[in-house]
Amino acid sequence: MDMTICPCRKSASAQRSYAECCQSYVEGRAQAPSPEALMRARYSAFAVGAIDYLIDTVAPEARSDMERGSLEAWSRESDWLGLDIVETVDGKPGDKTGIVEFTAHFSRLGKREAHYERSNFRFDEAGQRWYFVEGAKPKGKTVVKGAQVGRNDPCPCGSGKKFKKCCGAAA
């Protein structure tokens with residue numbers, strides 16, 4: 001793997017090396033200062049096969065669902081092509097939680113793929129570090145074209161619910 005550019009590819013305009021970007025987090029010499037930095041370091045950990053880091057950065061209460069063998073196989077069998085951060089919510093100094101929505105690009109068994117997720121992170125004050133808590137595929141965002149959807153109309157996402165009880169609840 002070419003480590004002249006960090007696997008997370010933080011900035012297309014000023015790409016940094018792995019040593020300048022994520023390596024100190026992955027090797028445990030520093031703590032990721034934000035959920036986004038932790039997400040980037042976790043992506044890089046997949047790319048370099050640092051499975052211990054992936055496990056150690058999951059909240060202790062969520063580790064029972066992890067399968068080391070699956071993580072090792074996914075890491076080893078994939079070519080890691082870059083990470084796109086779609087959105088971050090909170091996760092600044094003083095925040096207790098943060099959210100990172102991202103797309104992880106990789107190729108596995110010759111097929112180009114993308115893993116799209118909205119992940120929750122928690123700051124542990126005792127350990128002064130961020131943990132990954134859980135991730136889920138984000139709900140689709142409703143895009144309304146043409147006539148405006150009324151609160152009591154069926155939701156255009158096709159859920160069968162009223163708009164106000166589905167996609168309109170977040171608006």
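We count residues from 1, following the sequence as given.
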Using a 3.5 Å distance criterion without hydrogens, assess whether the side chain of T57 forms a donor-acceptor pair with backbone atoms of L54.
yes

Applying salt bridge (charged side-chain N to carboxylate O under 4.0 Å, His left out) to K96 and D124, what does each step give before you reach the verdict?
CA-CA 8 Å; K96 306 288 186 246; D124 176 55; over 6 Å; no

Sub-3.5 Å donor-acceptor pair from the side chain of E77 to the main-chain atoms of W74, do we have one?
no

If we only count heavy atoms from C-beta on, is the H115 to H105 side-chain gap below 4.5 Å?
no

Assigning hydrophobic clusters by single linkage (Ile, Leu, Val, Met, Phe, Trp, Tyr; side-chain heavy-atom cutoff under 4.5 Å), is M66 placed with V26?
yes

Is the CD atom of Q128 crowded by more than 12 outside heavy atoms at less than 6.0 Å?
yes

Same cluster (ILVMFWY, side-chain, under 4.5 Å), V48 and I55:
yes

Any sub-3.5 Å donor-acceptor pair from S75's side-chain atoms to F46's backbone N or O?
yes

For a side-chain contact (heavy atoms from CB on, under 4.5 Å) check, start with the C-alpha distance between Y131 and R63, then their side-chain angles and the critical distance, and finish with the verdict.
CA-CA 11 Å; Y131 283 107; R63 290 182 189 160; 3.6 Å; yes

Would you call R108 and E113 a salt bridge, using N to O less than 4.0 angstrom?
no

Between CZ on residue R40 and SG on residue C8, distance to nearest 0.5 Å:
4.5 Å

cation_pi(R42, F132) dist<6.0 Å, angle<=45:
yes

Verify the neighbour count for atom CZ of R112: are there more than 12 heavy atoms of other residues, nucleotides or ligands below 6.0 Å?
no

Would you say V133 and L38 are hydrophobically clustered, going by side-chain heavy atoms of ILVMFWY under 4.5 Å?
no

Go through the side-chain N and O atoms of S34 and E36 and say whether any donor and acceptor fall under 3.5 Å apart.
no

Do V58 and L71 share a hydrophobic cluster, counting only Ile, Leu, Val, Met, Phe, Trp and Tyr and linking them when any side-chain heavy atoms are less than 4.5 Å apart?
yes

Hphob cluster co-occupancy, L83 + I99, side-chain heavy atoms under 4.5 angstrom:
no

Taking only Lys NZ, Arg NE, NH1 and NH2, and the carboxylate oxygens of Asp or Glu, determine whether E134 and R122 approach each other closer than 4.0 Å.
no

Which of parallel (below 30°), tilted (30 to 60°) and perpendicular (above 60°) describes W80 and Y43?
perpendicular

Is there a donor-acceptor pair under 3.5 Å between the side chain of R9 and the backbone N or O of L81?
yes

Validation row, ring centre W130 to ring centre F121 under 6.0 Å:
no

Check the pair S107 / S78 against side-chain contact (heavy atoms from CB on, under 4.5 Å), numbers first and verdict last.
CA-CA 5 Å; S107 176; S78 299; over 6 Å; no

Working note: E27 + Y53, criterion side-chain hydrogen bond (donor to acceptor under 3.5 Å, both in side chains); need CA distance, chi angles, decisive distance, verdict.
CA-CA 8 Å; E27 292 180 353; Y53 182 78; over 6 Å; no

Between D95 and K92 (side chain of the first, backbone of the second, donor and acceptor by atom type, cut-off under 3.5 Å), is there such a pair?
yes

